[in-house]
Colleague: 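There's a structure below that I have some questions on.
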Amino acid sequence: MLLHSEFMDMQFYIMFYLIVFFYGICIGSFLNVVIYRLPRNESLIKRASHCTTCGAKIRVIDIIPILSWLMLRGRCRSCGEKISPRYPIVEALNGIVYVVTFAVMDFTLRSVLCCFMFSVLICIGFMDWDTKEMDPILLGLIGVLGLPLCILSALPEEVKAGLPEFVVTPGDTLLSHVIGLFCISVPFFVIGEVSGVIARKKFGMDLRRGIELGDTLLMAAAGLMLGWKIAVASAFFGIMIAAVWGVIGKLRGGESIFAFGPALVIGIFFGALFGEQLVDWYITTLTYDPYAQ
Ligand SMILES: [Zn+2]
């Protein structure tokens, strides 16, 4: 454990988590730009932040994450049009996610990469919610974030032993990453294809399938990055969340909106944080032999 050492005092933790939160909300600010501009094919860097109603350039004092929105009471300084509360929510969410990640997973290369993955997931989740589509660039980015972890896991044990504690994930194997790539994505792909065929036969048209290709690729990328245990736990959490979501939708009277992408995103977050312990606990419970000894 790098973070939770006896040599660190309270002040250190407060400073550390404040800095982490500050970084988190600043990156969250950029995520807002990605979520808004990427589906519209706008450049992420070319144009300065502007009001989406009147087009006025946003002044430097008005781009402070969360605080500016609160100070402006959620309205544009030039035209007075409402600014969606989603902006400060995304910023705060990203900050909180970073703090929780380091608190649960310690400060390691893996947790740093997970933070970046969670930021990409926030974009994927909101964009899937808005457009029902997942951007292939963002999905590919998760695969890229997973590469260092895959390479490290493939190193011989004696090489791993000489590496700093920061970069090594104990017990991690390349096989776990390879299985992670396929263990959820393959069944998802099959279910998606089958439900697509059934929908075509039954209704004679290309309806939305149960599981879209984006969901499948998302689970492939997350599984490759974090290994099979986390892939399985993430799918479990994601399906549970989607089911609860569906039931609530039905109870409210409307047709149940099947937002599987955002549910999977939340599932992967909890899967990455707690999935390994959950799967290990499940395996020991299953293999527990009361007649042993
Ligand atoms: Zn405006």
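What's counted below: heavy atoms across the whole structure, side chains too, no hydrogens, waters or symmetry copies. Note that ligands are numbered from 1 as they come in the structure, with each ligand's atoms numbered from 1 the same way.
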Colleague: Closer than 2.8 Å to the Zn ion (ligand 1): how many protein N, O or S atoms are there?
Modeller: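 Protein heteroatoms (N, O, S) closer than 2.8 Å to the Zn ion (ligand 1) number 4.
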Colleague: Using the six-membered ring wherever Trp is involved, compare the ring planes of Trp129 and Trp245 and label them parallel, tilted or perpendicular (cut-offs 30° and 60°).
Modeller: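 It falls in the tilted class, 30° to 60°.
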Colleague: For Tyr87 and Ser29, which I'm curious about, is there any donor-acceptor pair between the side chains at under 3.5 Å?
Modeller: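 Side chains of Tyr87 and Ser29: no pair found under 3.5 Å.
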Colleague: Applying the side chain to side chain contact (heavy atoms under 4.5 Å, CB included) criterion to Leu113, which one of Leu226, Ile142, Thr108, Leu149 satisfies it?
Modeller: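 The side chain to side chain contact (heavy atoms under 4.5 Å, CB included) with Leu113 is passed solely by Leu149 among Leu226, Ile142, Thr108, Leu149.
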Colleague: Does Trp69 reach the main-chain N or O of Ile83 with its side chain, forming a donor-acceptor pair under 3.5 Å?
Modeller: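 It does hold such a pair.
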Colleague: Got a salt bridge between Lys57 and Asp62, using NZ or NE/NH1/NH2 to carboxylate O under 4.0 Å?
Modeller: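 Salt bridge flag = no for Asp62 with Lys57.
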Colleague: Check the angle between the aromatic planes of Phe102 and Phe16 and answer parallel, tilted or perpendicular using the 30° and 60° thresholds.
Modeller: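 Taking Phe16 first and then Phe102, their aromatic rings stand perpendicular (interplane angle over 60°).
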